[in-house]
Amino acid sequence: MADENSEQAARESGVIDFNAETVRLGDHIVRGTAADGQVRAFAVTARASVQELHERHQTSPVVSAALGRLLMAGMMMGAMSKNDDELITLVIRGEGPVGGLTVTANNRGQAKGFANHPHVWLPLNSAGKLSVGEAVAGENHTGTLSVVHDLPGMEPYSSEVPLVSGEIGDDLTYYFAASDQVPTSLGVGVLVDTDQSIRQAGGFIVQLMPGCEDAVVDRLEKNLAGTRSVTDLLEEGMKPTDVLRHVLDGLSYQELDVMPAEFHCGCNRERATRVVLALGRAELEDMISKDEPADVYCHFCGEHYHFEPDELRDLLR
């Protein structure tokens, strides 16, 4: 992320940062603070990223909503990290027909994800909304949410909490309170259009820092109580900055920086080749003798890498 001092100086001088304004034209994350540092906040808009998820995995509307919510939460949680090489993986295992959701994100706004069963269809719930909770956690709201932090040179560490509702936002809010002991309000939403395309996608995370004053807590609770869904705010034309100003009204919100967000998978043919070589000489020689090709499939982006027997011979040489 950009240096906070230079960002602050640019705002105070009235100088327009054209690079930042260009970033705001697409999917992006903003980071800010309020109440003299007693509150930190993140907000994201990611319609194009969730649309790419839908297109790559051919997700049904309810899975687009569930996986999109988790993807955007991952983007914002990744942006919290100060370690450039850290990866954060969110894994939901539920008793709903989706089976599970997995998202991996870094601190550069890049994230990828997949659903175990992307083509699940369910009727709308009693409120006329997509039945995300039932699709993920089943009728009994049963399952787990795991968050894994992976830093190079260190053993990955993780924490796990039970699902609250399967609606993603509720579950992650509970995770922050139970595992990180950080009072957090998290809202994520995906609006799927009638043609199954993604009409809106966005979210926010607001956290109270240790020693936060009661007056700040009261004002934030009042603001949140009067806040409509994220997708409603986006439909009104709000951008991430506007969403945080709305949620943090009266708390002297200050934006610190903005960064691009995107669906990104680092797989390529070179990495697929290493996967094939990992099968070992004996296995590859057996496939060649039977004139069988090798196929590598990436769960995160849906790419297939095909290796004909002649290519396997070249790899062995």
Original post:
Stepwise, does the side chain to side chain contact (heavy atoms under 4.5 Å, CB included) test hold for V62 with V132?
Top reply: CA-CA 6 Å; V62 70; V132 172; 4.2 Å; yes
Subject >> CG-OG1 distance between L70 and T102, expressed to the nearest 0.5 angstrom >> reply: 8.0 Å
Original post:
Is M72 linked to L87 within one hydrophobic cluster, defined over Ile, Leu, Val, Met, Phe, Trp and Tyr using a side-chain heavy-atom separation of less than 4.5 Å?
Top reply: no
**OP:** Would you give the length of the straight line joining atom CZ of F263 to atom SG of C301, rounded to the nearest 0.5 angstrom?
**Re:** 6.0 Å
**OP:** Please report the shortest heavy-atom distance between E134 and P97, naming the atom on each side.
**Re:** O-CD, 3.6 Å
**OP:** Evaluate the side-chain proximity of D295 to Y305: yes if any heavy-atom separation is below 4.5 Å, no if none is.
**Re:** no
Subject >> Linked, directly or transitively: L122 and V63 (ILVMFWY side chains, under 4.5 Å) >> reply: yes
**OP:** Report yes or no: do R24 and T45 form a side-chain donor-acceptor pair below 3.5 Å?
**Re:** no
Subject >> pair E285-L316: side-chain heavy atoms closer than 4.5 Å >> reply: yes
**OP:** Look at the side chain of D27 and the backbone N and O of S49, then say whether any donor-acceptor pair between them is shorter than 3.5 Å.
**Re:** yes
**OP:** Check each of I168, V206, T173 against L186 using the side chain to side chain contact (heavy atoms under 4.5 Å, CB included) test, and report the only one that passes.
**Re:** T173
Original post:
Judged by atom type as modelled, is there a donor-acceptor pair below 3.5 Å linking the side chain of Q181 to the main-chain atoms of A178?
Top reply: yes
Subject >> Reference residue E55; test side chain to side chain donor-acceptor pair (under 3.5 Å); the match among H57, Q51, Q58 >> reply: Q51
Subject >> Chi angles and distances behind the side chain to side chain contact (heavy atoms under 4.5 Å, CB included) call for L277, L315 >> reply: CA-CA 8 Å; L277 289 172; L315 290 179; 4.0 Å; yes
**OP:** Can you establish whether the number of heavy atoms outside D36 located under 6.0 Å from its atom CG is more than 12?
**Re:** no
**OP:** Apply the test side chain to side chain contact (heavy atoms under 4.5 Å, CB included) to residues E95 and V136: give CA-CA distance (whole Å), side-chain angles for both, the deciding distance (0.1 Å), then the verdict.
**Re:** CA-CA 7 Å; E95 290 195 356; V136 172; over 6 Å; no
**OP:** Measure from the side-chain N and O atoms of T104 to the backbone N and O of I88, and report whether any donor-acceptor pair falls under 3.5 Å.
**Re:** no
**OP:** Start with the C-alpha gap between Q254 and T33, add the side-chain angles, then the distance that decides, and say whether side chain to side chain donor-acceptor pair (under 3.5 Å) holds.
**Re:** CA-CA 5 Å; Q254 289 184 311; T33 184; over 6 Å; no
Original post:
For the side chain of R31 and the backbone of F42, is there at least one donor-acceptor N/O pair under 3.5 Å apart?
Top reply: no
Original post:
Under 3.5 Å, side chain of D170 to main-chain N/O of G166, donor-acceptor pair present?
Top reply: no
Original post:
Linking I/L/V/M/F/W/Y whenever their side-chain heavy atoms sit closer than 4.5 Å, directly or via other members, would L224 and L248 fall into one cluster?
Top reply: yes
Subject >> Rounded distance [0.5 Å steps], CE in M259 versus CG in D257 >> reply: 8.0 Å
**OP:** Indicate the ring-plane relationship of H304 and Y297, choosing parallel, tilted or perpendicular according to the 30° and 60° boundaries.
**Re:** tilted
Subject >> H119 and S60: side chain donor to acceptor below 3.5 Å >> reply: no
**OP:** Taking all non-hydrogen atoms of both residues into account, name the closest pair between A43 and L244 and its distance.
**Re:** CB-CG, 3.6 Å
**OP:** Could you tell me whether R199 and E235 make a salt bridge, using a distance below 4.0 angstrom between a side-chain N and a carboxylate O?
**Re:** yes
Original post:
Can any side-chain N or O of N106 pair as donor or acceptor with the backbone N or O of R108 at less than 3.5 Å?
Top reply: yes
Original post:
Say you draw a straight line from CG of D171 to CG of L163; how long is it, rounded to the nearest 0.5 Å?
Top reply: 4.5 Å
**OP:** Could you tell me whether the side chain of V147 reaches within less than 4.5 Å of the side chain of Y175, counting heavy atoms only?
**Re:** yes
**OP:** Mind listing the closest non-hydrogen atom pair of R69 and V190 along with its distance?
**Re:** N-CG2, 3.8 Å
Original post:
Donor-acceptor pair, N268 side chain versus R271 backbone, under 3.5 Å?
Top reply: yes
Subject >> Side-chain heavy atoms of H28 within contact of P240, under 4.5 Å >> reply: yes
Original post:
With a 3.5 Å cut-off and no angle check, do the side chains of E255 and T241 form a donor-acceptor pair?
Top reply: yes
**OP:** Kindly check if the number of other-residue, nucleotide or ligand heavy atoms within 6.0 Å of NE2 (H299) is above 12?
**Re:** no
For a quick test of your reading: what N or O donor-acceptor pairs under 3.5 Å do the side chains of residues 138-146 make, sequence neighbours left out?
unit_1: H141; atom_1: ND1; unit_2: S165; atom_2: O; d: 3.2
unit_1: T142; atom_1: OG1; unit_2: N140; atom_2: O; d: 3.3
unit_1: S146; atom_1: OG; unit_2: E160; atom_2: OE1; d: 2.9

Original post:
Quick check: does any side chain N or O of S179 sit under 3.5 Å from a backbone N or O of F176, one acting as donor and the other as acceptor?
Top reply: no
Subject >> Joint cluster assignment, V148 & M80, ILVMFWY side-chain distance < 4.5 Å >> reply: no
Subject >> Rounded distance [0.5 Å steps], OG in S197 versus NE2 in H54 >> reply: 7.0 Å
Subject >> Polar side-chain atom of E167 near backbone of G133 as donor-acceptor pair, under 3.5 Å >> reply: yes
**OP:** Using a cut-off of 6.0 Å, state whether more than 12 heavy atoms not belonging to Y174 lie near its atom OH.
**Re:** no
Original post:
Among side-chain atoms of S131 and N125, is any donor-acceptor pair under 3.5 angstrom?
Top reply: no
**OP:** Just do the side chain to side chain contact (heavy atoms under 4.5 Å, CB included) check on K129 and L124 with the steps written out, would you?
**Re:** CA-CA 5 Å; K129 305 290 186 180; L124 300 178; over 6 Å; no
Original post:
How far apart are the closest heavy atoms of A294 and L312, and which atoms are they?
Top reply: CB-CD2, 4.0 Å
**OP:** Establish whether V98 and F114 are linked, either directly or via other cluster members, by ILVMFWY side-chain heavy-atom contacts under 4.5 Å.
**Re:** no
Original post:
Considering all heavy atoms of both residues, which atom of P61 and which atom of W121 are nearest to each other, and what is their separation?
Top reply: CD-CH2, 3.4 Å
**OP:** With the side chain counted from C-beta on, respond yes when K239 and V243 share a heavy-atom pair under 4.5 Å apart, and no when they do not.
**Re:** no
Original post:
What is the minimum heavy-atom distance between L151 and N83, and which atoms define it?
Top reply: CD2-CB, 3.5 Å
Original post:
Taking only residues at least two apart or on different chains, which pairs with a member in residues 304-317 satisfy salt bridge (charged side-chain N to carboxylate O under 4.0 Å, His left out)?
Top reply: R269-E311, D310-R313, D314-R317
Original post:
So do the side chains of I198 and L191 get within less than 4.5 Å of each other, counting heavy atoms only?
Top reply: no
Original post:
Rounded to the nearest 0.5 Å, how far apart are CG of L284 and CZ of F307?
Top reply: 10.5 Å
Subject >> Within-4.5 Å side-chain heavy-atom neighbours: V296 and V276 >> reply: yes
**OP:** Report yes if some heavy atom in the side chain of M77 is under 4.5 Å from a heavy atom in the side chain of I205; otherwise report no.
**Re:** yes
Subject >> Residue pairs involving residues 207-234 (criterion side-chain hydrogen bond (donor to acceptor under 3.5 Å, both in side chains); sequence neighbours excluded) >> reply: R40-Q207, T184-Q207, R219-N223, R219-D249, R228-E236, S229-T231, S229-D232
